Amino acid sequence: MDLTTDVGGLKLKNPTILAAGILGTGAASLKRVVQHGAGAVVTKSTGVSPREGHPGPVLIKTEHGFLNAMGLPNPSYHEFVRELEMAKGDVPVIASIFGSDAREFEEVALGLSKASPDAFELNLSCPHAEGYGATLGTDPRKVKEIAKTVKNAVDVPVWVKLPPLANIAEVGLAAQEGGADAVVAINTIPAMAIDVESGYPILGNKVGGLSGAAIKPVALRCVYELCAALNIDVIGVGGISSWKDAIEFIMAGATAIEIGSAVHDDINVFRNISKGIMQFLEKRRCTLDGIRGVAQK
Amino acid sequence: MDLTTDVGGLKLKNPTILAAGILGTGAASLKRVVQHGAGAVVTKSTGVSPREGHPGPVLIKTEHGFLNAMGLPNPSYHEFVRELEMAKGDVPVIASIFGSDAREFEEVALGLSKASPDAFELNLSCPHAEGYGATLGTDPRKVKEIAKTVKNAVDVPVWVKLPPLANIAEVGLAAQEGGADAVVAINTIPAMAIDVESGYPILGNKVGGLSGAAIKPVALRCVYELCAALNIDVIGVGGISSWKDAIEFIMAGATAIEIGSAVHDDINVFRNISKGIMQFLEKRRCTLDGIRGVAQK
Amino acid sequence: MHPGRYQGRGTEMMPINARITRIVDETPSTKTFFLGLTLDGKPGQFVMVWIRGVDDIPMSLSYPDAITVQKVGDATSALFKLRKGDSVRIRGPIGNGFTLSGKSILLIAGGVGAAPLAPLAEEAKGKKIKVKTLLGAKTGDELLFVKRYRSAGDLQTATDDGSEGYKGPVTELLDGLDLREYDQIYSCGPEKMMSRVLEVAKGANMASKTQFSLQRYIKCGMGICGTCCIDPSGLRVCVDGPVFSGETLVDSEFGRYARDASGRKVRL
Amino acid sequence: MHPGRYQGRGTEMMPINARITRIVDETPSTKTFFLGLTLDGKPGQFVMVWIRGVDDIPMSLSYPDAITVQKVGDATSALFKLRKGDSVRIRGPIGNGFTLSGKSILLIAGGVGAAPLAPLAEEAKGKKIKVKTLLGAKTGDELLFVKRYRSAGDLQTATDDGSEGYKGPVTELLDGLDLREYDQIYSCGPEKMMSRVLEVAKGANMASKTQFSLQRYIKCGMGICGTCCIDPSGLRVCVDGPVFSGETLVDSEFGRYARDASGRKVRL
Ligand SMILES: Cc1cc2nc3c(=O)[nH]c(=O)nc-3n(C[C@H](O)[C@H](O)[C@H](O)COP(=O)(O)OP(=O)(O)OC[C@H]3O[C@@H](n4cnc5c(N)ncnc54)[C@H](O)[C@@H]3O)c2cc1C
Ligand SMILES: Cc1cc2nc3c(=O)[nH]c(=O)nc-3n(C[C@H](O)[C@H](O)[C@H](O)COP(=O)(O)OP(=O)(O)OC[C@H]3O[C@@H](n4cnc5c(N)ncnc54)[C@H](O)[C@@H]3O)c2cc1C
Ligand SMILES: Cc1cc2nc3c(=O)[nH]c(=O)nc-3n(C[C@H](O)[C@H](O)[C@H](O)COP(=O)(O)O)c2cc1C
Ligand SMILES: Cc1cc2nc3c(=O)[nH]c(=O)nc-3n(C[C@H](O)[C@H](O)[C@H](O)COP(=O)(O)O)c2cc1C
Ligand code: FES
Ligand code: FES
């Protein structure tokens, strides 16, 4: 059974991709994830200057998912370009980048282009770093502008990562108009937890983003609506930890899926999901293309 | 230990309130919930004309919460006004209403006023009924207009129920400017599930709203941001099922809390939460006012 | 009968895909669908049956592994079109079910109401409880599960047109019985029929020994939405019922009105 | 040492509130905080300690119920301000910890690196394993847990200023030993010190019998964020470590560089 997938301008040996910000700080850990079966890997988001990120706790486990407020720690593209170079190898490496406006996005994309990433993923959706991310991703005009600027600056595919929104299809359309080769949905949902012992918000940044199993139905709805509205590929992410989850996203219309929080329980989740999808397809005697989008009918 | 709570213009014997759309179709079941300790009850949302709601499944249990697409079934205010009359009793009864514009909201509020509800809750946030709800609740101008119209039309407190939004404080401010006595946050998060056996979206309406434990961190963040921005009371709702959950919301700044999905596991959840809050306060030798909003500091 | 915390088994069960293994024509209007899996249910409990793309409807278990369906509208018609090998999604068993007790019991079934009582009759027989059944239908060929009731004990039938058994409402057969001979009385069928049973039982001071399985509009089947609540107790048919003691139903909406999908009251 | 699925106990543990029951001044720069609860941890495992409103930092277990902290910056200073009765939030135990094996072991500890090795020494003694410790610090009064190491076996000390024991790096004490007398060598301390230990062990063909506890910047402590990954294996110090065999560390970044909070490489 063949799981080869053409997605957003890339050819993957299977449709499982490591999500941005997960084990993506260095070439070594990206490669380790590839050894565990990922069809492609996305790096940690990189910006124009080094950031240490928020004080801890930066990640907590809730009953049904994870809450994080990393605060986009990164060594800047100047430093990360070398890491990216080393990360290149057997599977496509997608560079996740962020900035406060189109110009910054362009600067980072050009800076990292020296390392020839296979694609760029524009993080327009980080919910807990002032001035970056989600504030851009909710504005269709800005999304279109940023997508267009980066697309014109580089000659590899450009993916746009979206925040969870009620009107996500509208913002997805803006990305498509800007020339994006694919959209990725969703980033984490703004959320928080409070320590009842002390009354302190638990995350160092107080507010963070919810990921993991809890957000799967929300991510699935976003992907479903994007697939109905767009012509470009949609990559699903949010709470995927089993082949069943992956099949749900593919049936909703996703071309590929990204996996983040689930590496906590099992770094081999990529291989296990590919195996599960394979078995499912074999039992049904059908292909990925055959089930993709069936829920749209 | 006294749990009496003044919230949004009402005096409650304890801060637990039955959420809209939960066991709120008739006077009998509202009264049954009161017997189980609720400090106030909100009715099912009522509109101008009868609606049967969406085909089934209308509610499914997911691993970490519930997904519903009831579709606002209701017998119209003409019919419901009698039910509301009978529901009045020991604790405040809040009439939840919906409409497609300010005029419809006004019509329903006036129609139900004959039964003298203790307050109105404006459902500006139902995520799965075309033309109603969330589409209104995302637009600050409309929120303000609707709040103002109803506030002018009735002489009891008016609460505005909001959808989960990245910019929820902005919409909350609009409600406050419109004269709302309190805001209620949050309604369900748009979401869905797909049956991998068949590829069908499971809900009859395909897309629905996520409630229950999964959304608690999102609701808490919304409440936290609203409390920081508004002067009026904020009522927290979303995934509350234990006294600890309730305390988190109160520490975030909520004056009272509403409980929905948790009646599934235990209809006595209201009494149990009050008991738990009481024990917590006694152990700490403090009051509700003493812990309210401590996470804001 | 007034549980604060719902104790029913099965509502926690995740829905499962059930492939139809056999379809039996029972009467001109009813078919039994065998589901190829044994639900750990007891008589009187029901399942929510999702006919994909159509609706999700409540159906009593008529066997440990089957439901018996009367074609009345959209969803039941869609169900009737399914063939062996097709599948539905099942959630359950839901609700409380009948409580079997005593040494001699009386069953009064009308129409498709015979579905949940047949397994009860069989369970009673297995426990050496004496079973007497009064079974009614519009016509003789609509009498459901005649064989099952007969082999479980004593059976008397009634039809509206007299084509089989007594001509007239099945409740009129009660006149010939001494209710005090029975330790418990169970009934399922049209609500007007059941309310007549309750009236007669009340007359014989037996209301506390009756159990009725109610049909109300079920939406969520999880005790959350409130669609199925009855006046004046506010009890939920889906999780607090569907079986209620006659004592609970005396002076209630039972036999007088119910609510439709929108929540509007509808006279019975 | 290359587990596909992380097996460490404890990362699933929900954080708990720990009230400080006792504070012991160990050296001028270190204090031990007793937490009033026994974590089911083994030597070498660590906990994330949330000093509310400040930061969440990794600390090894120096006793089953305590951490021993050196004041080096913001969070550790905030910790030093806490008094008996104050509380912190603890998550753990996290990571793999040391694997005790053999009949005779050698410990080489530098500075606060003596914290995780002391309970190992005691566990070894309890199992009748012969323990020899080389303990180093800047000055004599900074030598940590001298008594604990001495009562667990044989102890040799070294200080930079010669105020106690050998004057010079603790690793120079290795010259006087025949490493082949030891079944396993454990080390924790400044990385330059540990890499010297590995060098010596390699020279004696003993790399596979060494275990080092690494200090890397830990953010999530859950194996998700990637901050703590080491080159070239990509192993995560927080959940795949913090203890690694010398064999895994040969030809790695070990002793050469680490990464700071932003992910930038920093020479050691
Ligand atoms: C606990 C319980 C057990 C039941 N067991 C059986 C059984 O064993 N066999 C059987 O044939 N029928 C049973 N029913 C009735 C069955 O659920 C309805 O006949 C069926 O839902 C009709 O669906 P429809 O779409 O074909 O009809 P529609 O065209 O939708 O409506 C026809 C009539 O069916 C009723 N109905 C419709 N939807 C529902 C619903 N969701 N819940 C309750 N009633 C509804 C309404 O009163 C309506 O007037 C049971 C009902 C309940 C509440
Ligand atoms: C597995 C492990 C076990 C440890 N056990 C102990 C112990 O038992 N006793 C002890 O005193 N120290 C221990 N440390 C080191 C301790 O975590 C740091 O000293 C502490 O985090 C410093 O925090 P700060 O805010 O006071 O310092 P800062 O002012 O933030 O920085 C001072 C230095 O501490 C280091 N540091 C800061 N934050 C972290 C962090 N989150 N993770 C790792 N290093 C950090 C940096 O290298 C920095 O240069 C351990 C570290 C690790 C990784
Ligand atoms: C610790 C952590 C760090 C993350 N960092 C980034 C990031 O740098 N850039 C980004 O686009 N998304 C980031 N995300 C979001 C994930 O890529 C992903 O969209 C989200 O976690 C939902 O997927 P999941 O449920 O599989 O984790 C991060 C998520 C987590 C949990
Ligand atoms: C079955 C169901 C029906 C609901 N109907 C309504 C409604 O009519 N009006 C409304 O404002 N909210 C409605 N809600 C939303 C709830 O009032 C509440 O905001 C949401 O479920 C989150 O709270 P919870 O997690 O405690 O359930 C409904 C929720 C559910 C689960
Ligand atoms: S059908 Fe929803 S409560 Fe019974
Ligand atoms: S600190 Fe995040 S993976 Fe180790």
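Side chains included, hydrogens not; waters and symmetry mates left out as well; all remaining heavy atoms used. Sequence lines set the chain letters: A, B, ... in the order given, protein chains first and strands last, and positions in each chain run from 1. Predicted model only: the values in this text are computed from it and were never measured.
Residues B:L220 and A:M192 approach most closely at CD2-O, 3.5 Å, considering heavy atoms.
Neither the backbone nor the side chain of A:N167 has a heavy atom closer than 4.5 Å to any heavy atom of chain B. Heavy-atom distances place the side chain of B:L67, and not its backbone, under 4.5 Å from chain A. Looking at A:K206, the atoms closer than 4.5 Å to chain B (heavy atoms on both sides) all sit in the side chain, from C-beta outward. Only the side chain of B:F280 has a heavy atom closer than 4.5 Å to any heavy atom of chain A.
A donor-acceptor contact shorter than 3.5 Å links the side chain of A:R284 to the backbone of B:E197. At distances below 3.5 Å, at least one donor-acceptor pair connects side-chain atoms of B:R221 with backbone N or O atoms of A:P190.
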In sequence, state the C-alpha distance, the side-chain angles, and the governing distance for B:E225 and A:V207, and then conclude on side-chain contact (heavy atoms from CB on, under 4.5 Å). CA-CA 9 Å; B:E225 290 179 356; A:V207 170; 4.3 Å; yes
Could you walk me through whether A:Y200 and B:M251 pass the side-chain contact (heavy atoms from CB on, under 4.5 Å) test, one step at a time? CA-CA 9 Å; A:Y200 273 99; B:M251 285 178 158; over 6 Å; no
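Contact of the B:H64 side chain with the A:K216 side chain is not registered, since no non-hydrogen atoms from C-beta on lie closer than 4.5 Å.
In this structure, the separation between CG on B:L210 and CD1 on A:I189 is 8.0 Å, given to the nearest 0.5 Å. For the atom pair CD (A:E63) and OG (B:S241), the distance works out to 7.0 Å, reported to the nearest 0.5 Å.
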